[in-house]
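Notes for the one structure printed next.
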Amino acid sequence: MTDLNKKTNELIFELYKNFIFYLPKQIITQLFSEGNIKESEYDLLQPFLNDVSYINEDDWVINKISPFDKTALSLKSSKLLKSVYTLFELKESLQPDTFSFIFEKYFEQLNFHKTVATLIVDNYESHCNEKSEDLQAIFLLQQEIINKHFDEVQKHFTKNIFNTKKIDTSKFLKNILSSKNTFTPKIKLRNYLLHQNSIEIENIIVELYLNRSGSNFRYLIEAMEEIKLITLEYGKKKLIYEAMSNSFNTKIPSYKSIFGYSIEKVNNPDYKNVKLELNKSLNKYIN
């Protein structure tokens with residue numbers, strides 16, 4: 001049963017991978033105020049509001065930072081075709097009731113993605129902050145790929161026995177955010193850096209500060225705020241720490257060793273050295 005559950009999750013998560021979408025702040029804030037998403041989920045979504053984002057194989061990437069590669073949709077198309085073959089194999093190897101249970105879970109998610117892909121296209125003009133012919137073409141192609149997969153699956157495996165439902169838009173967010181055990185969107189430092197070259201800056205910081213002490217990391221974070229690369233308003237430190245942990249592959253000091261004490265910056269030579277080192281390393285981007 002564990003293997004079947006794993007196989008079902010793999011099928012479902014192929015729908016999420018290489019999926020491009022946008023999160024209008026007005027709508028997400030409304031969902032939060034109405035109690036449709038939790039505060040912790042709302043905090044997790046903050047770096048992506050009002051941006052076009054996509055889910056690749058292992059993390060979320062904001063469109064402004066790393067433009068969506070159209071070839072990813074070709075990859076998605078081929079993987080969804082592979083999913084059809086997998087469904088055929090499961091149908092042949094499983095008892096009818098077992099296959100029906102697995103298939104119903106998958107088809108529900110597929111129907112959901114078909115609805116979301118359509119909403120993305122239909123609301124492009126009114127709710128998408130980024131406008132371009134290329135982006136609109138990507139949304140249309142994505143809708144076409146998912147619709148084709150939906151029709152193929154329905155043709156081979158259903159007799160219209162499942163009713164299509166009107167989907168609550170908050171479900172898309174909940175499905176992503178609740179899948180932490182199998183498919184966790186990894187938010188990295190780049191997602192909080194207030195600079196168009198966020199990936200390049202993140203790479204420099206990771207290379208420069210790998211295996212540094214907790215105090216060095218604290219000085220780094222304070223220096224990044226001082227040169228306006230990040231903000232550290234109330235409740236942000238934990239999010240920044242988790243993002244840095246992802247960027248450094250968890251190879252950073254503990255949260256307490258970084259933020260568990262106050263620091264003096266004005267007359268602190270260690271802090272000044274870290275800030276000078278950071279400015280020098282990022283000179284190409286921040287001066």
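Both Tyr261 and Leu220 belong to a common hydrophobic cluster when Ile, Leu, Val, Met, Phe, Trp and Tyr are linked at side-chain heavy-atom distances under 4.5 angstrom. Connection of Val274 to Leu210 is established within a shared hydrophobic cluster, with ILVMFWY side chains joined at heavy-atom distances below 4.5 Å, either directly or through further cluster members.
Aromatic rings of Phe248 and Tyr209 (six-membered ring for Trp) have centroids beyond the 6.0 Å cut-off, not under it. The ring of Phe157 has its center closer than 6.0 angstrom to the ring center of Phe103. Aromatic pair Phe150/His113: ring centres not closer than 6.0 Å. Residues Phe88 and His156 bring their aromatic ring centres within 6.0 Å.
Annotation: cation-pi geometry satisfied between Lys238 and Tyr255 (NZ/CZ under 6.0 angstrom from ring centroid, within 45° of ring axis).
Taking NZ of Lys7 as the reference point, atom CG of Leu94 lies at 11.0 Å (rounded to 0.5 Å).
Between the side chains of Tyr124 and Glu130, no donor N or O sits under 3.5 Å from an acceptor N or O. No hydrogens or angles considered: a donor-acceptor pair under 3.5 Å links the side chains of Lys236 and Thr231. No side-chain donor from either of Tyr219 and Asn273 sits under 3.5 Å from a side-chain acceptor of the other. A donor-acceptor contact closer than 3.5 angstrom is absent between the side chains of Ser77 and Ser74. Looking at Ser83 and Glu14, their side chains never bring a donor and an acceptor atom within 3.5 Å of each other. Between the side chains of Glu202 and Tyr192, no donor-acceptor pair of N or O atoms lies under 3.5 Å. Side chain to side chain, Asn216 and Ser213 meet the donor-acceptor criterion of an N or O pair below 3.5 Å.
In summary, Lys155 and Glu152 do not engage in a salt bridge, as defined by a charged side-chain N under 4.0 Å from a carboxylate O. Using a 4.0 Å cut-off between charged side-chain N and carboxylate O, Glu277 and Arg212 make a salt bridge.
Annotation for Cys128 and Leu135: closest pair SG-CD2, 4.1 Å, computed over non-hydrogen atoms. Between Arg218 and Lys237, the closest heavy-atom pair is NH2-NZ, 4.4 Å. For the residue pair Ala117 and Ile146, the shortest heavy atom distance occurs at CB-CD1, 4.0 Å. Closest non-hydrogen pair, Ser281 versus Leu208, comes out as OG-CD2, 3.4 Å.
Put simply, the side chain of Leu193 reaches to within 4.5 Å of the side chain of Met224, judged on heavy atoms.
More than 12 heavy atoms of other residues, nucleotides or ligands shown are found within 6.0 angstrom of CD on Glu264.
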